[in-house]
Amino acid sequence: MGTVYTTAVGAPPDPGSLQFFKWIDDLVAYRLAECPLARTTTYYFSNSSGNDSTGVGTEANPWKTIAKAQAVIDAAASNADLRLRFKRGDTWEETTGLSITKDNVTVDDYGTGAKPVFSLFTLKYSSSGWALASGDRYTRSETNTIGWVRDQADRFTPYIKVSSTAEVESTPKSWYWASNTLHINAGAGVNPNTKNLEAVIANTAIGIQLDGDKGRVENIRGDGWGIDPVTPHNQKYFVKITGRGTKANLARGCEAYYSSTHNIAYDGGSSPGNNGGIATFIDCKAGFPIQGPSGETLFNSFVGEGGQETIFYNCETKYGTLPEGTGTYTARGTGVYHHTSGVAGQEGALHIVYGHKTPRSAYPIQTGVNAAGTKPATTLTDARAFNIFERKEFPLDGVAAGSTQPVAPPNMVNINCIWQVRPNQAAGALTTTAQTGWAINCILDIDMALQTAILALWNTTSDNNTAKLYHCLIYFRGNKTIGVGATDYDCRTTGTSFATQSELKNCIVVLVDPGGTNNVALNGDSTKMVNNAYTVDTWTDSTGAKRYSIDTNRVEFSSEDAPYITQSKLTSAHPLYQKGTPLNIGYDINLNLRGPTPSIGPFDSFKVLDLGRVTNLTASIASSTSITLSWTAASGLVNITDHEVKYRVVGSTSWATLSHALNPGNSITVTGLIAKTEYEFSVAPISAWGTGNPEFVKATPYAGSDLKIATLNPKVK
C-alpha cells in the first residue's frame with residue numbers, strides 16, 4: 001500500500017517558510033519513487049508495426065492493440081509488476097481503453113516523436129460524401145450520434161456545436177447533428193470535400209483507469225474519451241485514478257482533450273465507505289470538456305467520505321469548454337477542483353496545487369483552482385489545502401466574461417500566484433465565491449472593463465467571504481466610471497458584521513487608467529488594515545502599448561502576456577499613501593514565477609523570502625581542540641539575532657548543534673573537538689524571518705602551527 005503523507009514526510013511546515021517548499025519537493029519525490037516506471041516484466045505495443053498474432057511483445061517484435069494490452073493485464077497476477085509501453089508517433093483508435101485493477105502496473109511510452117495517442121475520433125470524412133444543402137451548409141448521412149467534429153489539420157481549433165440548420169448556415173466552422181444527418185459549415189465558400197474532417201461518436205468510455213496500488217501512467221495522450229453531449233456532465237475521463245484507502249497511483253506527462261468533464265482526475269466514488277486514496281498528477285495537460293449543467297472541471301479530486309491526498313504538480317488547464325452556440329463564448333468551468341461530500345468530518349486530507357497554469361486562449365476557463373471539502377482552517381498551520389505559483393490569465397479581449405477567479409478559496413493558502421481577473425458584472429471583483437482563505441505574495445490584475453456593479457475587495461454580508469491578503473500587489477484597471485463616488489475601489493473591513501474578519505496587510509493597490517470619479521479607499525480598523533498603500537500610475541512604451549509602473553523602475557507585462565515584477569522599488573519620495581499618510585519605508589518587490597520569493601515588506605508572521613546566507617566563512621585554529629569560525633554577515637536581512645552553528649566529523653552522517661548564547665556577530669569558537677580530526681562546520685543566519693541557508697567549511701584542530709584548512713564549495717552538501 002501507499003504511504004500517507006504524514007508518515008512519508010511529516011506534517012506541512014509553516015507555509016510562510018522556505019522549509020515548506022522543500023517539504024513539497026520531498027513529498028513529490030516520494031510519490032514518484034513509490035510508483036516507479038521500471039517493472040520486472042516489460043512489453044511493447046506499436047499500432048504501426050505491431051501484430052497481436054505474430055508479435056511477442058518485444059521492442060523489435062511488438063504487439064499491436066490496446067485490447068491485447070488489456071488481455072496481458074487481465075492474465076497477470078494481482079501483484080502484476082508489469083510495464084506496458086506504447087510507441088511514440090502512433091495513434092490507437094479503439095473504443096475500449098485500459099482498466100488496471102492489478103498492483104504495480106506502468107503504462108508509458110517509448111521511441112521518439114509525438115506522444116502515443118489513444119483517440120476516439122474514429123469517423124473520418126475526406127474528399128467526398130458531402131452534399132451542398134444551402135449557403136455554406138453541407139450534409140451527409142451519419143447514423144452514429146456525434147460527440148464532436150474537428151479538422152485533422154488543426155485538432156486544437158474545434159468546430160462550434162450549434163442547435164439548428166439555420167445556425168450552421170450562419171456560423172462558420174460549425175456543426176449540427178440530428179435525424180441521422182450531420183450538417184457542416186467549413187467556412188465561407190469552403191467545400192468540406194476539400195477538408196479532412198473527423199468526428200467522435202458520443203461515448204461514456206474511460207481511457208485509462210488505475211484502480212490497483214502503485215500504478216503509473218506516463219506520456220499518453222487521449223482525445224474524445226467520455227464525450228457525451230446527451231449527458232454532458234457524466235464525469236467520464238481519459239485518465240481516472242480510483243484506488244481508495246492507502247492505494248497510491250500517479251499520472252505524469254499525460255494529456256487529455258475532448259471529454260464530457262473531469263478529463264484527468266482522482267475519483268474514489270461516493271458510495272458509503274469510499275474514502276482515502278493517494279493520487280499524484282505531474283506535468284499533465286487537459287482541455288476541451290463539454291459545457292455541462294453544473295459547470296465543468298478538467299482536473300478533479302473527489303471521494304465522498306473524504307480523506308484523499310491529491311497533488312497536481314506543474315499541470316496546465318490548456319483550454320476551457322468546447323464552443324457551443326453561435327460563436328458567442330462564455331468562460332466556464334474550473335481548472336482544478338478538490339471536493340468531498342461536504343459532511344463535517346469527511347474532509348479531504350491534503351490538497352496541493354503547485355505551478356498550475358491556466359493560459360489565455362480563445363477557449364477560456366472561468367476559475368483556476370478551488371478546494372471545497374477541505375478541513376476548516378482558522379490559522380495557517382491548520383491549512384491542508386495549498387495553491388502555489390498558480391498562473392491564471394483572463395480571456396481574450398472581446399470574449400464575454402465569466403465570474404471572478406477566487407482570491408482564496410475555502411481554507412486554502414495561495415502563495416506566489418499571478419491572477420488576471422475579469423470580474424463578474426453583477427458583483428464586486430473579489431467579493432464572490434466563498435473566499436475564506438489566504439493570498440500571500442500574489443499579484444491580482446483585475447480587468448474591470450465589463451464591470452457594472454460596485455468594485456470592492458470585500459463588502460460582504462456572509463462569513464463565506466473573509467479573505468486574508470498579505471503582501472499582495474493588486475491592480476484595478478480599465479478606465480471605468482461606475483458613479484458611486486469614493487467607494488468605487490473600496491478595500492474595507494467595516495460596514496458589515498462579517499467584513500471585519502477580512503484582512504489586508506502590507507498590500508499595494510495600483511489604480512491604472514482611472515476614469516470619472518474613481519478613487520481608492522482603504523477603510524477599516526488598524527488591526528485588519530495594516531501598512532497598505534495605493535498609487536495611480538500608467539505609461540506607454542515605444543510601441544504604444546500600455547504598461548504599468550511604480551516609481552522609476554517599471555512593473556511590466558511580459559511578452560508572454562502575464563504580469564510579473566522585476567525588482568521595482570517603492571520609495572518615500574513616491575506618492576504612495578497609507579490611510580492618507582505618506583509611506584515612509586522603501587520596499588523591494590521581487591515576485592517570481594518559480595522558487596521562494598521575497599515579500600513586499602515586513603509582516604510579523606509571514607516569511608516567504610530569501611532568508612540569506614553568510615559569506616566568506618573561514619576557520620582558524622584556536623587550540624588543539626577548538627576552531628574559531630569567522631564570516632561576513634548575510635546581506636539584505638534586518639535584525640539578525642543569532643547564527644545556527646553545526647559541526648560533525650568528516651564522514652559522519654549526523655550533525656551536532658553548537659549550544660551558545662545569542663550571537664548576532666561575525667565569529668564564534670567551537671570547543672570540545674578531537675585533536676587532529678577533520679571536521680565540517682556550517683553557519684546559517686537567524687533573523688526575525690527564520691533560519692537562513694548554511695555556509696560550509698572544513699578544518700582540523702592541531703596543536704601549534706601545524707594547521708590544515710580546506711574550504712568547501714557552499715553548494716556541496
Side-chain angles (χ1 to χ4, degrees), residues 66 91-99 117-125 142-150 155-156 158-164 167-168 174-184 197-209 211 220-242 254-267 269-270 285-300 302 317-325 329-330 332-335 337 339 363 365-366:
I66 297 174
T91 297
W92 284 259
E93 294 180 348
E94 299 177 46
T95 57
T96 303
L98 292 174
S99 177
V117 179
F118 291 8
S119 177
L120 289 189
F121 278 85
T122 57
L123 300 178
K124 309 297 180 181
Y125 308 124
E142 179 55 75
T143 58
N144 295 291
T145 302
I146 299 301
W148 218 268
V149 177
R150 66 184 183 184
R155 287 169 168 158
F156 293 107
Y159 275 35
I160 300 167
K161 179 190 175 186
V162 295
S163 57
S164 69
E167 284 184 291
V168 174
S174 66
W175 67 277
Y176 170 62
W177 179 88
S179 303
N180 295 329
T181 301
L182 180 58
H183 305 257
I184 286 289
L197 303 181
E198 59 185 6
V200 57
I201 300 171
N203 70 91
T204 59
I206 298 172
I208 301 175
Q209 181 168 328
D211 195 31
I220 308 293
R221 176 181 139 193
D223 288 6
W225 293 85
I227 190 164
D228 183 3
V230 179
T231 311
H233 202 63
N234 64 13
Q235 298 185 5
K236 297 299 180 180
Y237 320 73
F238 174 58
V239 174
K240 180 183 182 183
I241 294 175
T242 58
C254 293
E255 299 183 42
Y257 308 103
Y258 299 90
S259 181
S260 292
T261 184
H262 295 27
N263 299 33
I264 295 178
Y266 167 72
D267 187 343
S270 56
K285 297 180 181 180
F288 293 142
I290 294 178
Q291 295 186 17
S294 57
E296 303 75 33
T297 301
L298 287 96
F299 293 94
N300 191 69
F302 171 79
T317 305
K318 198 168 180 64
Y319 307 100
T321 47
L322 287 160
E324 298 186 37
Y329 189 80
T330 299
R332 292 174 58 92
T334 301
Y337 190 38
H339 60 128
Y363 312 96
I365 200 75
Q366 171 180 308

*Asks:* Determine the minimum heavy-atom distance between Pro158 and Tyr363, stating which atoms define it.
*Replies:*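 Heavy atoms only, the tightest pair is CD-OH, 3.4 Å.
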*Asks:* Taking Ala256's backbone N and O only, do any of them form a donor-acceptor pair with Asn263's side chain (distance below 3.5 Å, no angle check)?
*Replies:*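 Checked: pair present.
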*Asks:* Where the side chain of Trp177 meets the backbone of Gly147, is there a donor-acceptor pair that is under 3.5 Å apart?
*Replies:*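 Not at all, since once roles are kept as given, no pair shorter than 3.5 Å links the two residues.
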*Asks:* Donor-acceptor check, side chain of Glu94 to backbone of Ile66, threshold 3.5 angstrom: yes or no?
*Replies:*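 Here the side-chain-to-backbone pair exists.
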*Asks:* Can you give me the closest heavy-atom contact between Ile365 and Gly320, atom names plus distance?
*Replies:*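 The answer is CD1-CA, 3.9 Å.
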*Asks:* Name all residues meeting the salt bridge (charged side-chain N to carboxylate O under 4.0 Å, His left out) criterion together with Lys318; count only those two or more places apart in sequence or in a different chain, and write none if there are none.
*Replies:*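 Counting only residues at least two positions away or on another chain, Lys318 forms a salt bridge (charged side-chain N to carboxylate O under 4.0 Å, His left out) with Glu316.
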*Asks:* Go through the structure and list residues passing side-chain hydrogen bond (donor to acceptor under 3.5 Å, both in side chains) with Tyr176, not counting sequence neighbours.
*Replies:*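 side-chain hydrogen bond (donor to acceptor under 3.5 Å, both in side chains) list for Tyr176, sorted by chain: empty.
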*Asks:* Heavy atoms, side chains only, cut-off 4.5 Å: are Leu120 and Tyr258 in contact?
*Replies:*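 Leu120 does not reach Tyr258 side chain to side chain.
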*Asks:* What residue among Ile290, Leu322, Ile146 forms side-chain contact (heavy atoms from CB on, under 4.5 Å) with Pro229?
*Replies:*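 Only match with Pro229 under side-chain contact (heavy atoms from CB on, under 4.5 Å): Ile290.
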*Asks:* Keeping the roles fixed (side chain from Ser259, backbone from Lys236), state whether a donor-acceptor pair exists under 3.5 Å.
*Replies:*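 Yes, because the side chain of Ser259 sits within donor-acceptor range (under 3.5 Å) of the backbone of Lys236.
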*Asks:* Nearest 0.5 Å, what's the CD1-OH distance between Ile206 and Tyr237?
*Replies:*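 Going from the CD1 atom of Ile206 to the OH atom of Tyr237 covers 7.0 Å.
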*Asks:* For the pair Ser119 (side chain) and Phe121 (backbone), establish whether a donor and an acceptor sit closer than 3.5 Å, ignoring hydrogens and angles.
*Replies:*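 Yes: the side chain of Ser119 pairs with the backbone of Phe121.
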*Asks:* Relative to the ring of His339, is the ring of Phe302 parallel (under 30°), tilted (30 to 60°) or perpendicular (over 60°)?
*Replies:*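 Phe302 and His339: tilted rings.
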*Asks:* Okay, side chain of Thr261, backbone of Thr297: is any donor-acceptor separation there less than 3.5 Å?
*Replies:*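 Yes; judged by distance alone, with no hydrogens or angles, the pair exists.
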*Asks:* So do the side chains of Lys285 and Ile264 get within less than 4.5 Å of each other, counting heavy atoms only?
*Replies:*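 Heavy-atom side-chain distance check fails, nothing below 4.5 Å.
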*Asks:* Let me confirm one number: the CZ-CZ distance from Phe118 to Arg221, rounded to the nearest 0.5 Å.
*Replies:*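 If we round to the nearest 0.5 Å, Phe118:CZ and Arg221:CZ are 12.5 Å apart.
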*Asks:* Nearest 0.5 Å, please: how far is CD in Glu296 from CZ in Phe288?
*Replies:*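 It comes to 13.5 Å.
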*Asks:* Check whether NZ of the Lys or CZ of the Arg Arg155 lies under 6.0 Å from the centre of the six-membered ring of Tyr257 and within 45 degrees of that ring's axis.
*Replies:*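 No, cation not above the ring by the 6.0 Å, 45° rule.
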*Asks:* For the residue pair Ile208 and Trp225, establish whether any side-chain heavy-atom pair is separated by less than 4.5 Å.
*Replies:*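 A side-chain contact under 4.5 Å is absent here.
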*Asks:* Answer whether the closest heavy-atom distance between the side chains of Ser99 and Asp211 falls below 4.5 Å.
*Replies:*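 Side chain of Ser99 against side chain of Asp211, heavy atoms only: no contact under 4.5 Å found.
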*Asks:* Quick check for you: to the nearest 0.5 Å, what is the distance between Lys240 atom NZ and Tyr266 atom OH?
*Replies:*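 Lys240 NZ to Tyr266 OH: 10.0 Å, rounded to 0.5 Å.
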*Asks:* Looking only at non-hydrogen atoms, find the nearest pair between Gly325 and Ile160 and report the distance.
*Replies:*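 Scanning both residues, the minimum pair turns out to be O-CG2, 3.4 Å.
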*Asks:* Taking the side chain as every heavy atom from C-beta outward, state whether Trp175 and Leu197 have any pair of such atoms under 4.5 Å apart.
*Replies:*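 No, too far: nothing below the 4.5 Å cut-off.
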*Asks:* Looking only at atom types and distance, does a side-chain atom of Thr145 sit under 3.5 Å from a main-chain N or O of Ala202, one as donor and one as acceptor?
*Replies:*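 Checked: no pair found.
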*Asks:* Looking only at non-hydrogen atoms, find the nearest pair between Leu298 and Gly287 and report the distance.
*Replies:*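 Of all heavy-atom pairs spanning Leu298 and Gly287, the closest is CD2-CA, 3.2 Å.
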*Asks:* If I take atom CD from residue Glu93 and atom NZ from residue Lys124, how far apart are they, to the nearest 0.5 angstrom?
*Replies:*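 Nearest 0.5 Å value for the CD-NZ distance: 4.0 Å.
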*Asks:* Under 4.5 Å between any side-chain heavy atoms of Asp223 and Arg150, yes or no?
*Replies:*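 The answer is yes, as the side chains (C-beta and beyond) meet within the 4.5 Å cut-off.
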*Asks:* Side chains of Ile201 and Thr122: does their closest heavy-atom pair fall under 4.5 Å?
*Replies:*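 SC-SC contact between Ile201 and Thr122 confirmed.
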*Asks:* Measuring only between side-chain heavy atoms, which start at C-beta, is Asn203 closer than 4.5 Å to Ile227?
*Replies:*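 Side chain of Asn203 against side chain of Ile227, heavy atoms only: contact under 4.5 Å found.
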*Asks:* State the CD-NZ distance between Glu167 and Lys161, to the nearest 0.5 angstrom.
*Replies:*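 It is 11.0 Å, given to the nearest 0.5 Å.
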*Asks:* Return the minimal non-hydrogen interatomic distance between Ser174 and Val162, and the atom names on each side.
*Replies:*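 Taking every non-hydrogen atom into account, CB-CG1, 4.1 Å.
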